[in-house]
Amino acid sequence: MVNEQSDIRREKLQRITELGIDPYPPRCADALPIAGIREVGETEESVTVSGRLTARREHGKTVFADLRDTTGSIQVYLGMKTLSDTEWTLLGLLDLGDMVQVSGPVFVTRTGELTVKCQELTLLCKSLRQLPVVKVDSQGVVHDEVTDRDYLYRHRCVDLQVNHDSMERFGRRSRIITSMRSYLDERGFLEVETPILQPIYGGAAADPFETMYGSMDQKFYLRIATELYLKRLVAGGMERVYEIGKDFRNEGVDRTHSPEFTQLELYEAYADYAVMMDRFEEMVAGAAEAAGTGTDITVDGTLLSLRPPFQRIGFMDSLRKASGEDLFSWEPAELEALMEEKGIACETPDRITMLDKLFDHFVAHRIIGPAFVVDYPVELSPLAKRKQGDPAVTERFEAFIAGLELANAFSEQNNPLLQREILEEQARFSAHREGTLDEDFLYALEVGMPPTGGMGIGVDRLVMVLTDTARIRDTILFPHLRRVDQ
RNA sequence: GCGUCCCUAGCUCAAUUGGCAGAGCAACGGACUCUUAAUCCGUAGGUUCCGGGUUCGAUUCCCGGGGGGCGUACCA
């Protein structure tokens with residue numbers, strides 16, 4: 001489709017080429033980051049800076065332009081007298097969005113703006129698309145901010161350029177992940193990669209994406225968790241392992257759920273869920289520092305502290321307190337009546353599922369935290385060990401911050417006979433399973449896995465908390481959108 | 001999946017009861033040698049998401065489709 005705006009830019013491109021200028025040169029001279037130039041300040045010496053043209057203010061034989069790179073923005077002064085004829089002509093053919101390199105001394109204008117006086121102008125890349133022009137006035141008010149989420153998600157390259165917050169958020173995401181990786185690396189954890197395509201899926205309860213493996217003529221699934229493979233590695237003698245990667249759950253999308261999301265799973269031999277609590281506390285505090293927020297953060301207007309130790313909340317206790325009833329002694333029919341009264345839907349109204357839903361309703365989403373919910377009923381925790389002295393509950397916790405479930409951890413079940421029994425039982429009742437046991441996982445447990453603590457951390461959600469972001473999609477660079485046929 | 005709201009120029013948004021589709025920014029032409037949402041004069045820019053229907057006439061009302069936002073459900 002022909003569009004007048006891009007026609008104009010293509011024409012300019014043509015004229016630039018006719019000037020003997022390569023609009024897409026293969027390389028350019030070394031340049032200082034803009035932040036570096038701001039540090040140096042005024043100087044007679046010539047500096048070189050590269051960036052994208054974001055604004056232009058013309059005054060006849062003089063032009064002021066703004067140049068931006070990842071480190072910041074700076075004003076450039078371009079005068080007809082200080083440029084060659086070709087450069088001056090080139091300047092007239094530049095558009096907002098073009099990338100250029102300028103060289104010259106740095107001075108301060110009458111109005112106090114640090115400015116590079118351009119004595120050499122080089123085009124680095126001609127932009128053929130007109131991007132939205134977002135302006136910020138002297139009061140700091142943003143004008144014409146782009147708010148069309150569809151447009152921004154479909155063209156993240158535009159979002160990153162016009163929305164400073166977005167660029168900032170993804171920078172923080174990267175630093176958060178780096179800090180967690182460093183934390184684990186420094187403690188002797190081995191980063192590994194396990195299959196994304198799996199013949200049998202497991203490690204969580206969720207609908208999988210299915211695919212066909214052509215040359216094997218077999219159905220495969222995109223993993224819903226890395227758990228069962230990582231435990232195989234612990235059984236094999238990799239005593240400390242972790243994986244940061246995508247899991248895929250063929251489920252609905254909402255503010256806190258993305259079908260493709262990033263999870264960090266780690267397993268530590270000779271440790272238990274109490275050790276995992278320490279790990280979580282330390283990693284979150286470290287990630288907060290890396291994100292530049294420190295441990296006192298604000299999420300959706302609420303102040304909270306990420307300084308360890310985090311609060312412990314009993315699953316059953318908290319439900320008892322929050323509901324004012326001892327729901328654990330209730331009959332299923334009574335629970336069902338309460339569910340109906342509260343308007344909580346439940347497809348499989350067995351006692352334990354209902355208790356879990358009631359917990360979500362009364363407790364989970366209201367936990368500001370940070371807090372560890374402990375003592376989960378065994379029925380909800382098929383891969384966790386039972387608590388000594390209280391076989392009704394498991395050595396498991398879920399970590400909550402600002403109402404979000406951020407982590408799930410337990411002392412891993414390593415009794416192969418018990419694990420088989422539980423998984424077989426599970427397979428009989430769970431709608432999510434197709435009755436396929438992961439025999440190779442059980443084989444690994446039979447070979448023998450030492451006492452082990454394991455944990456999964458929802459990375460996208462951690463980023464949400466540490467960047468005060470309301471939607472998980474805003475922490476994912478390329479969230480899924482329906483395909484639109486053009 | 002269900003409910004609800006939205007889709008108009010490159011971007012942000014108008015358009016009375018159903019009556020000539022408009023503005024700001026960006027773009028284009030011109031003026032201007034320290035501006036910074038630069039300013040001033042002028043110009044162009046539209047499949048009103050798509051397809052039907054009602055009507056003399058549809059951006060507006062109705063039906064169907066597409067995409068998105070929000071809420072809700074599913075997600076040990």
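Every heavy atom of this structure was used, including side-chain atoms; hydrogens, water molecules and symmetry mates were not. First the proteins, then the strands, lettered A, B, ... as listed; each starts at 1.
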Legend entry - Counter-base of B:G19, judged by Watson-Crick or G-U geometry with both distances under 3.5 Å: B:C56
Legend entry - For atom CZ of A:R255 and atom C1' of B:C75, their distance in whole Å: 16 Å
Legend entry - Nearest to side-chain heavy atoms of A:A205, which nucleotide of B:A38, B:A27, B:A76: B:A76
Legend entry - Shortest side-chain distance from A:R471, nucleotide among B:C70, B:A37, B:U35: B:C70
Inset, instruction - Using the C1' atom on both, measure B:C63 against B:U55 and round to a whole Å. - result: 16 Å
Inset, instruction - Would you kindly give the CG-to-P distance between A:L128 and B:A26, to the nearest whole Å? - result: 20 Å
Inset, instruction - Please work out if A:D137 contacts a base, only the sugar-phosphate, or nothing of the nucleic acid, heavy-atom cut-off 4.0 Å. - result: base
Legend entry - Side-chain heavy-atom pair A:R232, A:Y229 within 4.5 angstrom cut-off: yes
Inset, instruction - Check whether the ring centres of A:Y77 and A:F64 lie less than 6.0 Å apart, and answer yes or no. - result: yes
Legend entry - Donor-acceptor contact below 3.5 Å, side chain A:E398 vs main chain A:F400: no
Legend entry - Base-pairing mate for B:C2 - Watson-Crick or G-U, with both contacts under 3.5 Å: B:G71
Inset, instruction - Could you tell me whether the phosphate oxygens of B:U36, OP1 or OP2, come under 4.0 Å of any side-chain nitrogen or oxygen in A:T115? - result: no
Inset, instruction - Could you tell me which nucleotide pairs with B:U33 by Watson-Crick or G-U wobble geometry, both distances under 3.5 Å, or answer none if nothing does? - result: none
Legend entry - Minimum-distance nucleotide to A:L383 side chain [options: B:A76, B:A27, B:C75]: B:A76
Legend entry - pair A:Q5-A:R129: side-chain heavy atoms closer than 4.5 Å: no
Legend entry - C1'-based separation of B:G53 from B:G10 [nearest Å]: 33 Å
Legend entry - Same-atom distance (C1') from B:U72 to B:C56, integer angstrom: 45 Å
Inset, instruction - Select from A:Y153 and A:K12 the residue whose nearest nucleotide in RNA chain B is closer to the 5' end of that strand. - result: A:K12
Inset, instruction - For B:G69 and B:U16, measure between their C1' atoms and round to the nearest Å. - result: 28 Å
Inset, instruction - Determine the Euclidean distance between corresponding C1' atoms of B:U8 and B:U59; express it in Å to zero decimal places. - result: 7 Å
Inset, instruction - Using a 4.0 Å heavy-atom cut-off across all strands, classify A:T109 as base, sugar-phosphate, or nothing. - result: base
Inset, instruction - Counting Watson-Crick and G-U wobble pairs only, both distances under 3.5 Å, name the nucleotide matched with B:G46, or none. - result: none
Inset, instruction - Classify the nucleic acid contact of A:P259 as base, sugar-phosphate or nothing, counting any heavy atom under 4.0 Å across all strands shown. - result: nothing
Inset, instruction - With a 4.0 Å heavy-atom cut-off, tell me which residues in residues 393-414 of chain A come close to RNA chain B, sorted by residue number. - result: A:R396
Inset, instruction - Round to the nearest Å and state the distance from A:D159 atom CG to B:G10 atom P. - result: 20 Å
Inset, instruction - Starting at atom CZ of A:R15, determine the distance to atom P of B:C28, rounded to an integer number of angstrom. - result: 10 Å
Legend entry - Sub-4.5 Å side-chain heavy-atom contact between A:K81 and A:K61: no
Inset, instruction - Please report the shortest heavy-atom distance between A:V76 and A:T115, naming the atom on each side. - result: C-CG2, 3.8 Å
Inset, instruction - Look at the aromatic rings of A:F315 and A:Y376 and report parallel, tilted or perpendicular, splitting at 30° and 60°. - result: tilted
Legend entry - Residue A:R473, side-chain heavy atoms: nucleotide from B:U35, B:G69, B:A27 that is nearest: B:G69
Inset, instruction - Would you kindly check whether a donor in the side chain of A:H257 faces an acceptor in the base of B:C75, or vice versa, at under 3.5 angstrom? - result: yes
Legend entry - Sugar-phosphate only, base, or nothing, as touched by A:E145 at under 4.0 Å among non-hydrogen atoms: sugar-phosphate
Inset, instruction - Using the P atom as the reference point in each nucleotide, state the distance between B:A76 and B:C13 in Å, no decimals. - result: 38 Å
Inset, instruction - Check every atom of B:G68, B:U35, B:C13 against the side chain of A:L481 and return the nucleotide holding the closest atom. - result: B:G68
Legend entry - N-O pairing of A:E11 and A:R15 below 4.0 Å: no
Inset, instruction - Give a yes/no answer on whether the side chain of A:R57 brings an N or O atom under 4.0 Å of OP1 or OP2 in B:A38. - result: yes
Inset, instruction - Provide the distance between the two P atoms, one in B:A38 and one in B:A44, to the nearest whole Å. - result: 25 Å
Inset, instruction - Tell me what A:D148 touches on the nucleic acid: a base, only sugar-phosphate, or nothing, going by heavy atoms under 4.0 Å. - result: sugar-phosphate
Legend entry - Exceeds 12 heavy-atom contacts within 6.0 angstrom, atom CD of A:E120: no
Inset, instruction - Tell me which nucleotide among B:A76, B:U36, B:G10 gets nearest to the side chain of A:Q130. - result: B:G10
Inset, instruction - Could you state the atom-to-atom distance from CZ of A:R149 to P of B:C70 in whole Å? - result: 7 Å
Inset, instruction - Please tell me if the side chains of A:R255 and A:I472 come closer than 4.5 Å, counting only heavy atoms from C-beta onward. - result: no
Inset, instruction - Answer with base, sugar-phosphate or nothing: what part of the nucleic acid does A:V136 contact at a heavy-atom distance below 4.0 Å? - result: sugar-phosphate
Inset, instruction - Among B:G68, B:C34, B:A37, find the nucleotide with the atom closest to the side chain of A:D150. - result: B:G68
Legend entry - Whole angstrom value for the distance that separates P of B:A38 from CD of A:E113: 12 Å
Inset, instruction - Taking the side chain as every heavy atom from C-beta outward, state whether A:F410 and A:L383 have any atom pair closer than 4.5 Å. - result: yes
Legend entry - Partner nucleotide, any strand, of B:G24 [Watson-Crick/G-U, under 3.5 Å]: B:C11
Inset, instruction - Verify the contact: side-chain N or O of A:R482 to OP1 or OP2 of B:G66, cut-off strictly under 4.0 Å; return yes or no. - result: no
Inset, instruction - Could you check whether A:V253 gets within reach of a base, just the sugar-phosphate, or nothing at all, counting any heavy atom under 4.0 Å? - result: base
Legend entry - Phosphate OP1/OP2 of B:C11 contacted by A:K135 side-chain N/O (<4.0 Å): no
Inset, instruction - Taking A:E412 for its side chain and A:G453 for its backbone only, find out whether a donor-acceptor pair lies under 3.5 Å. - result: no
Legend entry - Enclosure of A:D137 CG (heavy-atom neighbours >12, cutoff 6.0 Å): yes
Legend entry - Backbone N/O of A:G79 and side chain of A:T82: donor-acceptor pair under 3.5 Å: yes
Legend entry - A:V133, nearest nucleotide to its side chain (from B:C25, B:C11, B:U35): B:C25
Inset, instruction - Could you work out the separation of B:U12 and B:C20 based on their P atoms and round it to a whole Å? - result: 26 Å
Inset, instruction - Would you please confirm or rule out a distance under 4.0 Å between OP1 or OP2 of B:A73 and any side-chain N or O of A:K357? - result: no
Legend entry - Any residue of residues 70-92 of chain A with a heavy atom less than 4.0 Å from an atom of RNA chain B: A:Q75, A:Y77, A:K81
Inset, instruction - Take the protein atom CE of A:M354 and the nucleotide atom C1' of B:A76, then report the distance between them rounded to whole Å. - result: 15 Å
Inset, instruction - Starting from P on B:C25, measure out to CG on A:D144 and report it in whole angstrom. - result: 9 Å
